[in-house]
Enquirer: 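I'd like to ask some things about the structure below.
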Protein chains: 2
Amino acid sequence: MTRFLGSGETAQSRLKARSAMGEDVYEVLLSQIISLKIAPRERISVDALARELGVSQTPIRAALIRLEAEGLVVKKHNVGYSAAPVPNARHFEEIYEMRMLLEPAAAELAARNMTQETAERLQEAHDHMCELENDIAQRNYSQFARFDAEFHAIIAEASGNSLIVDTLDRLRIHTHLFRSRQHFTITHEAVSEHIVLLDALLNGKTEDAKWAMADHIARSRERIVPFSEMDHQL
Amino acid sequence: MTRFLGSGETAQSRLKARSAMGEDVYEVLLSQIISLKIAPRERISVDALARELGVSQTPIRAALIRLEAEGLVVKKHNVGYSAAPVPNARHFEEIYEMRMLLEPAAAELAARNMTQETAERLQEAHDHMCELENDIAQRNYSQFARFDAEFHAIIAEASGNSLIVDTLDRLRIHTHLFRSRQHFTITHEAVSEHIVLLDALLNGKTEDAKWAMADHIARSRERIVPFSEMDHQL
DNA sequence: CAATATCAAATCCGATCGGAAATGTGAAAT
DNA sequence: ATTTCACATTTCCGATCGGATTTGATATTG
């Protein structure tokens, strides 16, 4: 499998460069969208991006088609691509309705399938969030959001159902797009809810895990919903 | 907005031809896959398809990228695309696990939001299946599957949650890919279960609708699972 | 005879070209 | 002054080209 790479460092870097330009473009575009460097509804010109990134239009189109399939950009035929609009209140409700259906079940399954390694990963993510909670003065919200997302992702993985994992991954990106408008999040409550959830998960209390997750999601929704009342877009 | 089209007939047909070649290729490929004219694991050559369909490689690639995002084809870098493999027993379990989470909830919501028009559409789909049940000697299974899919799709739509609709759409295609291997389905039981479900839906019995759907899905799974034991592919 | 290495065919993937549609600008006319 | 028409720019979308990689076949050697 592994080749001999005497002076392979450059060879590998070149290989990596050649391997997946389309993939790289996709990831660049994805991060630009979730970081809001590309604003919602902002037009995304293919050849402008091609010039900017120094590649041809072909990998740009490929990336945009993928992003469209994931609902992150929208296409109008013969007009062009643009970043998806800011989700409105209805969309927000749908996301949480979906999470309420999937995540408690995922937690229940995760509690049943819990392994040593998964437990450690969960504990680690939780510890990171606890540390950040103290440094709250630094307003390190994006870091916290990262670990929170990882915490939930680990639980989804531990459910053993790859369809749930993929669906929640998509939902998480959209949730994040929503949350990044009001990047204030009451982290203390989230952490205390995580503690209850973590206890149930690590001790195999499947019913408690399901309930704790449902409670956590419901409260998380309540923490955001008051601020989404003002919908001036569409 | 509307142009004067004196001899516009040909102009419009040409316009339609120009409008969405990529879209047409996508639909052709999609139907070829779900009808198993392209077998699972079968390689899909880009330029072969380009010659066959009389278009260039560009729209072919676009369609394949979309299909890959939907999990219907898989890509190996620098090697090519191929139709997704036949789902194995584990994949089958995951699909039904997911349906068990979403469809009962969709039925509950649908019962709550039931409208006159939706009720009529449901009744119509159900009637078609009842008719086909009598013509069972004709082995009109694909027709039955079509109406069954529509029946479930109407319920999903009636839930009012577009995320649930999209997710169940994807699951339905995969379910269909699975079922099309063993295209025998005991339709009598399905119809009688639909009657219970339909009664609950039309009369606003939300809890009953949820339970009836869960029961229907569980039984549907039981009807297929015995035949999926023999997994000679991976 | 088996295993390996070399060569050729097929194929993908990115780059570039050209036609067509849509949007925006500006001038002219009522 | 507002509307309308014409033109120019921008942009997409399909077609085609060329380099790079993989795969399959043939031949050679132990």
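Convention: sequence-line order gives letters A, B, ...; per-chain numbering from 1. Values reported hereafter were calculated over all heavy atoms of this structure, with side chains retained and with hydrogens, waters and symmetry mates removed.
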Enquirer: Hey, does the side chain of A:Ser56 come within less than 4.0 Å of C:dG14's phosphate (OP1/OP2), counting only N and O?
Expert: no
Enquirer: What's the closest nucleotide to the B:Met21 side chain, out of C:dT16, D:dG14, D:dT23?
Expert: D:dG14
Enquirer: Would you mind checking if A:Arg90 and A:Glu94 are paired as a salt bridge, meaning a charged N to carboxylate O distance below 4.0 Å?
Expert: yes
Enquirer: May I have the distance from A:Leu53 (atom CG) to C:dA15 (atom P), rounded to whole angstrom?
Expert: 11 Å
Enquirer: Nearest to the side chain of B:Val46, which nucleotide is it out of C:dG14, C:dC12, D:dC13?
Expert: C:dC12
Enquirer: Could you tell me, to 10°, how much the axis swings from one end of the helix from C:dC1-D:dG30 to C:dT30-D:dA1 to the other, five pairs per end?
Expert: 10°
Enquirer: Grab the NZ-C1' distance between B:Lys75 and D:dT22 for me, whole Å please.
Expert: 15 Å
Enquirer: Let's see if you can work this out: which of C:dC12, C:dA15, D:dA15 has an atom nearest to the side-chain heavy atoms of B:Val55?
Expert: D:dA15
Enquirer: Does A:Ala39 offer a backbone N or O that forms a donor-acceptor pair with the side chain of A:Glu42 under 3.5 Å?
Expert: yes
Enquirer: Which heavy atom of B:His174 sits nearest a heavy atom of B:Gly71, and at what distance?
Expert: CE1-O, 3.5 Å
Enquirer: Name the one of B:Phe151, B:Phe144, B:Phe147 that satisfies ring-ring contact (aromatic ring centres under 6.0 Å, His included) with B:His128?
Expert: B:Phe147
Enquirer: Round to the nearest Å and state the distance from B:Leu49 atom CG to C:dA10 atom C1'.
Expert: 15 Å
Enquirer: Quickly work out the A:Ile44 CD1 to D:dT10 C1' distance and round it to whole Å.
Expert: 17 Å
Enquirer: Could you tell me the separation between the CZ atom of B:Arg43 and the P atom of D:dT23, rounded to a whole number of Å?
Expert: 8 Å
Enquirer: I'd like to check B:Leu101 versus A:Ile164 (side-chain heavy atoms, cut-off strictly below 4.5 Å). Are they in contact?
Expert: yes
Enquirer: Just the rounded figure in Å: distance from C1' of D:dT11 to CG of A:Asn78.
Expert: 9 Å
Enquirer: Kindly check if the number of other-residue, nucleotide or ligand heavy atoms within 6.0 Å of CZ (A:Arg146) is above 12?
Expert: no
Enquirer: Please report, rounded to the nearest Å, how far the C1' atom of D:dT11 is from the CD atom of A:Glu52.
Expert: 16 Å
Enquirer: Between A:Asp47 and A:Ala50 (side chain of the first, backbone of the second, donor and acceptor by atom type, cut-off under 3.5 Å), is there such a pair?
Expert: no
Enquirer: What integer distance in Å separates B:Asp47:CG from C:dA10:P?
Expert: 10 Å
Enquirer: Please tell me which of the listed nucleotides, C:dC12, D:dT11, C:dT16, lies nearest to the side chain of A:Ser45?
Expert: D:dT11
Enquirer: For B:Arg51 and for A:Lys76, locate the closest nucleotide of DNA chain C by heavy-atom distance; then report the residue assigned to the nucleotide nearer the 5' terminus.
Expert: B:Arg51
Enquirer: When you measure only distances, ignoring hydrogens and angles, does the side chain of B:Arg61 come within 3.5 Å of the base of C:dG14 through a donor and an acceptor?
Expert: yes
